Amino acid sequence: MSQYHSYIAIEHLSNYIGKEVTLNGWVSDRTDKGKLCFIKLRDGSGIVQCVAFRPTIGDELFEQAKSLTQESSVSITGTVRAESRAPSGVELDIVNVKIWQIAKEYPITPKEHGTEFLMQHRHLWLRSTRQNAIMRIRAAVIKAIRDFFDGNGFKLMDSPILTPNACEGTSTLFETKYFDLGSAYLSQSGQLYAEASAMALGKVYTFGPTFRAEKSKTRRHLTEFWMVEPEMAFFDLNDDMDLAEDLVEYIVQYVLQTCQKELAAMGRDISKLEAIRRPFYRMSYTEAVEWLNKNDVKLNKKQSDGSEIQIDFPWGEDFGAPQEEAIMQQFDKPCIIHRYPAEVKAFYMKRDPDQPKVALAMDMLAPEGAGEIIGGSQREDDFDALLSRIEHEKLPREAFEWFLDLRKYGSVPHSGFGLGVERTVKWISGAEHIREVIPFPRMIYRIVP
RNA sequence: UCCGACUUAGCUCAGCUGGUUAGAGCAUCUGACUGUUAAUCAGAGGGUCCGCGGUUCAAGUCCGCGAGUCGGAGCCA
């Protein structure tokens with residue numbers, strides 16, 4: 001790469017002890033003590049304390065250093081010195097200060113703030129140490145995902161974001177006008193297009209933003225989030241589950257290798273992540289229902305008069321958050337639950353030839369209360385079976401004609417899944433809310449900034 | 001959509017059974033200090049108590065309606 005500027009990143013400062021360097025960044029904090037002035041300089045890569053001592057640097061420069069407010073932008077030249085009292089082990093003795101701008105009173109002070117205030121100032125909140133660490137972990141997770149697929153024979157095949165209809169026909173979509181062709185909808189999944197792509201290139205993945213207009217109000221939902229969806233020709237459900245485990249193991253180990261500082265900044269218990277090695281746990285839906293009933297985990301059922309009663313968990317009902325949480329409490333590694341009742345799953349999932357009421361579907365649940373991070377399945381590859389599912393769900397056949405074509409011209413067994421990037425980053429980083437792990441979250445009651 | 005909680009200074013909050021001039025810490029400004037890292041010490045400024053209506057001699061406090069935010073359920077990644 002070209003040498004764009006002769007400046008040095010703070011994260012590499014320990015290689016320059018005894019040398020004079022220029023750092024560019026922002027003042028994260030300043031404190032004076034008589035003839036001493038301490039400036040914490042942040043450049044995105046790290047934070048270092050810069051020290052000005054009045055008798056050695058002179059009155060004019062000292063007054064300049066003292067005038068710096070929180071988040072003022074500066075270039076500071078100084079000599080790097082090993083300093084045992086500093087958290088990073090180094091400090092900078094100031095030789096010169098170039099002020100780019102003296103910042104106005106900064107809203108985010110070094111004390112606590114509530115989430116509402118911080119979310120209103122998301123554009124500034126991103127500068128804080130914790131948010132910096134989360135964004136670096138997010139970048140590492142995304143790089144791990146790309147490296148994993150690119151290195152294993154997958155090709156990136158982007159899916160369209162504007163689509164003519166609901167992918168799965170269930171969830172609420174964002175609608176927009178589309179010239180003279182009526183309405184278009186923001187994609188809630190790239191999967192159908194990934195299936196077509198897999199028939200062209202074998203093993204593919206799509207990676208992009210996804211939109212759900214559901215009025216979800218929980219700490220694991222966003223209306224706009226990022227999802228990676230691999231799709232593989234000639235993969236059955238077992239291959240699909242193996243791939244999901246390989247991917248998740250790879251992501252966690254990659255973050256462990258490259259984000260030690262960031263995980264420490266988050267106060268993350270590293271041993272919990274080190275335990276994430278294959279094999280993970282697996283359980284069929286039927287086994288899970290038996291486990292729930294053996295362990296007395298009931299289902300809250302609303303009666304017609306509005307009151308709630310608790311009943312044994314009936315086979316055929318989909319799991320909610322309470323069931324998933326109960327199941328995961330026994331596990332320190334992710335668990336895949338597979339072979340769900342077909343009725344609660346999407347129309348394109350293949351039925352289990354051995355159990356016609358069961359779909360070859362799978363969900364991966366992450367430990368520590370992180371919940372579902374992956375949902376996938378083996379796809380229905382039989383033309384007649386798929387068509388009858390489309391008709392049964394009362395989906396418009398015209399819109400799925402091209403999708404049916406894939407079952408007309410060289411249909412093969414194939415499988416895939418979707419992994420939610422933000423849910424994965426939330427789990428690995430230990431962030432307590434999903435809104436912290438995407439730079440500018442989109443939620444039901446927030447679209448600014 | 002359903003259930004619950006909250007709203008007082010720029011920020012985080014306290015404010016008792018309704019009672020006289022509205023409280024603290026931080027932030028900001030002024031001053032002191034050669035080792036602070038949530039510095040300390042002394043001083044100063046800073047208020048539509050979310051809005052509207054009601055009860056009362058008296059409302060930040062009680063009641064009603066509305067707004068906003070947060071958490072949970074459902075939906076799912």
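Only a predicted model underlies this, so the values are computations on that prediction, with no experimental measurement involved.
At the heavy-atom level, A:Ala86 lies nowhere under 4.0 Å from the strands shown. Counting non-hydrogen atoms under 4.0 angstrom, A:Ile374 reaches the backbone sugars and phosphates but no base. A:Phe225 comes within 4.0 angstrom of a nucleotide base, judged by non-hydrogen atoms across all strands. A:His433 comes within 4.0 angstrom of sugar-phosphate atoms only, judged by non-hydrogen atoms across all strands, and of no base. Residue contacts for A:Gly371: at a heavy-atom cut-off of 4.0 Å it reaches no nucleic acid atom on any strand shown. Within 4.0 Å (heavy atoms only), A:Ile373 reaches sugar-phosphate atoms of the nucleic acid but no base atom. Residue-level contact check: A:Pro55 touches neither bases nor backbone, having no heavy atom under 4.0 Å from any strand. Within 4.0 Å (heavy atoms only), A:Glu91 reaches at least one base atom of the nucleic acid. A:Gln49 comes within contact range of at least one nucleobase, with a heavy-atom separation under 4.0 Å. If you check every strand for non-hydrogen atoms under 4.0 Å, A:Tyr445 touches sugar and phosphate atoms only.
For A:Asn293, there are no side chain to side chain donor-acceptor pair (under 3.5 Å) partners, not counting sequence neighbours. With sequence neighbours left out, A:His433 forms a ring-ring contact (aromatic ring centres under 6.0 Å, His included) with no residue at all. Under the rule for a side chain to side chain donor-acceptor pair (under 3.5 Å), the partners of A:Arg278 that lie at least two apart in sequence or sit in another chain are A:Asp242, A:Glu245, A:Asp246.
Look at the C1' atom in both B:rG46 and B:rA9: the space between them is 6 Å, to the nearest Å. Rounded to whole Å, the separation between the C1' atoms of B:rC6 and B:rC75 comes to 26 Å. A gap of 7 Å separates the C1' atoms of B:rG60 and B:rU8, to the nearest Å. Of the C1' atoms belonging to B:rG4 and B:rC57, the separation is 37 Å, rounded to the nearest Å. Here, B:rC62 and B:rG19 have their P atoms 11 Å apart, quoted to the whole Å. Nucleotides B:rG66 and B:rG25 place their P atoms 40 Å apart, quoted to the nearest Å. Taking the P atom of each, B:rU12 and B:rC70 are spaced 13 Å apart, rounded to whole Å. Look at the P atom in both B:rG51 and B:rU56: the space between them is 23 Å, to the nearest Å.
Not one side-chain nitrogen or oxygen of A:Arg54 sits closer than 4.0 Å to the OP1 or OP2 atom of B:rG35. A close approach under 4.0 Å does occur between a side-chain nitrogen or oxygen of A:Arg435 and OP1 or OP2 of B:rG71. For A:Arg219 and B:rG72, the shortest distance from a side-chain N or O to OP1 or OP2 is below 4.0 Å.
Proximity note for A:Lys217 (side chain, C-beta onward) versus B:rA27, B:rU12, B:rC70: the nearest is B:rC70. When each of B:rC70, B:rA77, B:rC76 is scored by its nearest atom to the side-chain atoms of A:Met227, the top-ranked nucleotide is B:rA77. The side chain of A:Ala321 lies closest to B:rA73, out of B:rU37, B:rA73, B:rC76. With B:rA77, B:rA73, B:rA27 as the candidates, the nucleotide lying closest to the side chain of A:Thr109 is B:rA27.
Checked against the 6.0 Å centroid threshold, A:Phe319 and A:Tyr285 count as a close aromatic pair. Side-chain rings of A:His121 and A:Phe117 approach one another, their centers coming within less than 6.0 Å.
In this structure, the CZ atom of A:Phe53 is 12 Å from the P atom of B:rC33, given to the nearest Å. Across the protein-nucleic acid pair, A:Leu365 atom CG and B:rC76 atom P stand 14 Å apart, rounded to whole Å. One interatomic measurement links the two molecules: CD of A:Glu325 to C1' of B:rG72, which rounds to 11 Å at whole-angstrom precision. What separates CD of A:Glu224 from C1' of B:rA77 is a distance of 14 Å, to the nearest Å. As rounded to whole Å, 19 Å separates atom C1' of B:rU7 from atom CE of A:Met119. Straight-line distance from the CZ atom of A:Arg446 to the P atom of B:rU69: 7 Å, rounded to whole Å. B:rG74 atom P lies 16 Å from atom CZ of A:Arg212, rounded to whole Å. Taking atom CG of residue A:Leu299 and atom C1' of nucleotide B:rA73, one finds them 12 Å apart after rounding to whole Å.
No donor-acceptor contact under 3.5 angstrom links the side chains of A:Ser72 and A:Trp26, judged on distance only. Between the side chains of A:Glu229 and A:Ser189, a donor-acceptor pair is found at a separation under 3.5 Å.
By the 30° and 60° cut-offs, the orientation of the rings of A:Phe400 relative to A:Phe403 is perpendicular.
Within a heavy-atom distance below 4.0 Å of RNA chain B, the residues of residues 28-35 of chain A found are A:Asp29, A:Thr31, A:Asp32, A:Lys33, A:Gly34, A:Lys35. Listed by residue number, A:Arg81, A:Glu83, A:Arg85 are the residues of residues 71-85 of chain A with a heavy-atom contact under 4.0 Å to RNA chain B.
Taking 4.0 Å as the cut-off between side-chain N and carboxylate O, A:Arg146 and A:Asp150 do not count as a salt-bridged pair. Looking at A:Arg54 and A:Asp32, no side-chain N of the basic residue comes within less than 4.0 Å of a carboxylate O on the acidic one, giving no salt bridge.
Lacking a ring centre under 5.5 Å from that of the base six-membered ring together with a plane angle below 30°, A:Phe38 does not count as stacked on B:rG35.
Between the side chain of A:Arg423 and the base of B:rC76 there is at least one donor-acceptor pair of N/O atoms closer than 3.5 Å. In this model, no side-chain donor or acceptor of A:His113 finds a partner on the base of B:rC11 within 3.5 Å. The base of B:rC75 sits within donor-acceptor range of the side chain of A:Ser216, with an N or O pair under 3.5 Å.
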task = Might you work through the side chain to side chain donor-acceptor pair (under 3.5 Å) test for A:Trp100 and A:Ser75, ending with a clear yes or no?
result = CA-CA 8 Å; A:Trp100 296 102; A:Ser75 295; 2.9 Å; yes
request  = Determine, step by step, whether A:Thr286 and A:Trp315 satisfy the side chain to side chain donor-acceptor pair (under 3.5 Å) criterion, reporting the C-alpha distance in whole Å, the side-chain angles of both residues, the deciding distance to 0.1 Å, and the verdict.
outcome  = CA-CA 7 Å; A:Thr286 303; A:Trp315 195 100; 3.0 Å; yes
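Both the sub-6.0 Å distance and the 45° axial angle are not jointly satisfied by A:Lys333 relative to the ring of A:Phe280.
With A:Tyr205 as the partner, the ring-ring contact (aromatic ring centres under 6.0 Å, His included) test is satisfied by one option alone out of A:Tyr193, A:Phe149, A:Phe417: A:Phe149.
Across every non-hydrogen atom of A:Leu263 and A:Ile428, the tightest pair is CD2-O, 3.8 Å.
Looking at RNA chain B, the stems built from 3 or more consecutive Watson-Crick or G-U wobble pairs, each pair with its key distances under 3.5 Å, are B:1-7 with B:67-73, B:10-13 with B:23-26, B:28-32 with B:40-44, B:50-54 with B:62-66.
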